[in-house]
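In this chain, residues are counted from 1 in sequence order.
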Amino acid sequence: QVQLVESGGGLVQAGGSLRLACAASGRTFSTHTLGWFRQAPGKEREFVAAINPSGGRTYYVDSVKGRFTIFRDNAQNTVYLQMSSLKPEDTAVYYCAVRYIWGQSGSYDINQPYIYWGQGTQVTVSS
C-alpha cells in the first residue's frame, strides 16, 4: 500500500524558513515526478512545485519562485520543500503528491494528473 507522509510543518514568523519532507513507502518513486501543493482556508488547492525523477528539472508557481526549493533523495524515497522568506499568504496545508509523467521535451506538463497524495502538513506564517 502506497503511503506518503508529510512532516516539517509548523508555526513560523514572516521572513522565516521551514523545510517540509514527504516520505514515501509501499513502492519506490525514483522514476516518478513528485510535487507539492497547498490549500489555504476557503481556497482551492494550488500547485506549488514539482521535480522530475532525476531531480535535474524543477517547476514552480510564480508566487514562490526564488523563495522555495524542491529537491529529492531517491535513495530515501523522500521529497523536500525548502521554504524561505515566508509570507503570511504562504499559510496553508501543504501536500505532497506523485505522478508518472513529467512532460514532453523536458517541459513540465501542468495537465498531467497526480495519482498519490499525502495527508498534508499545516504551515502557518504569522505577520
Heavy-atom check, side chain of Val48 versus side chain of Leu81, under 4.5 Å: yes

Min side-chain heavy-atom separation Phe29-Val2 under 4.5 Å: yes

message: Has Ser54 got a side-chain atom pairing as donor or acceptor with Gly56's backbone, closer than 3.5 angstrom?
response: yes

- prompt: Roughly how far, to the nearest 0.5 Å, is the OH atom of Tyr116 from the CZ atom of Arg27?
  reply: 5.0 Å

query: Between Gln122 and Thr124, is any side-chain donor less than 3.5 angstrom from a side-chain acceptor?
result: yes

- line: Nearest heavy-atom approach of Arg99 to Asp109 is NH2-O, 2.7 Å

- prompt: Under a 4.5 Å cut-off applied to non-hydrogen side-chain atoms, are Phe68 and Val61 in contact?
  reply: no

message: Going by salt bridge (Lys or Arg N to Asp or Glu O under 4.0 Å), name the residues that satisfy it together with Arg67, two or more places apart in sequence or in a different chain.
response: Asp90

- prompt: Do any pairs count as a ring pair (Phe, Tyr, Trp, His ring centres under 6.0 Å) and have a residue in residues 76-98, sequence neighbours left out, and if so which ones?
  reply: Phe71-Tyr80

message: To check you understand the geometry: which heavy-atom pair defines the closest contact between Ala49 and Tyr60, and what is its length?
response: CB-CD2, 3.5 Å

Going by atom type alone, with no hydrogens or angles, which donor-acceptor pairs under 3.5 Å involve a side-chain atom of residues 4-20 and a protein atom two or more places apart or on another chain?
{"from": "Glu6", "atom 1": "OE1", "to": "Gln119", "atom 2": "N", "distance (Å)": "3.1"}
{"from": "Glu6", "atom 1": "OE1", "to": "Gly120", "atom 2": "N", "distance (Å)": "2.8"}
{"from": "Glu6", "atom 1": "OE2", "to": "Cys96", "atom 2": "N", "distance (Å)": "2.9"}
{"from": "Glu6", "atom 1": "OE2", "to": "Gly120", "atom 2": "N", "distance (Å)": "3.2"}
{"from": "Arg19", "atom 1": "NE", "to": "Gln82", "atom 2": "OE1", "distance (Å)": "2.8"}
{"from": "Arg19", "atom 1": "NH2", "to": "Gln82", "atom 2": "OE1", "distance (Å)": "3.2"}

Donor-acceptor pair, side chain of Thr78 and main chain of Gln76, under 3.5 angstrom: yes

- request: Measure the spacing between CG of Asn77 and OG1 of Thr28 and express it to the nearest 0.5 Å.
  value: 4.5 Å

- line: With sequence neighbours left out, the residues meeting salt bridge (Lys or Arg N to Asp or Glu O under 4.0 Å) with Glu46 are Arg38

message: List the residues meeting salt bridge (Lys or Arg N to Asp or Glu O under 4.0 Å) with Lys43, not counting sequence neighbours, and say none if there are none.
response: none

task: Of all the heavy-atom pairs spanning Thr33 and Ala50, show the shortest one and how long it is.
output: CG2-CB, 4.4 Å

- prompt: Counting only N and O atoms by type, is there a donor-acceptor contact under 3.5 Å from the side chain of Arg72 to the main-chain atoms of Asn74?
  reply: no

query: Hey, mind stepping through Ile70 and Val79 against side chain to side chain contact (heavy atoms under 4.5 Å, CB included) and telling me if it holds?
result: CA-CA 7 Å; Ile70 186 172; Val79 62; 3.8 Å; yes

query: Is there a side-chain contact between Phe37 and Trp117, using heavy atoms and a 4.5 Å cut-off?
result: yes

message: In the structure I gave you, are the side-chain heavy atoms of Tyr100 and Pro113 within less than 4.5 Å of one another anywhere?
response: no

statement: Contacts of Tyr59 meeting ring-ring contact (aromatic ring centres under 6.0 Å, His included) (sequence neighbours excluded), chain-then-number -> Phe47, Tyr108

field: Flag, side chain of Asn52 to backbone of Arg57, donor-acceptor distance under 3.5 Å
entry: yes

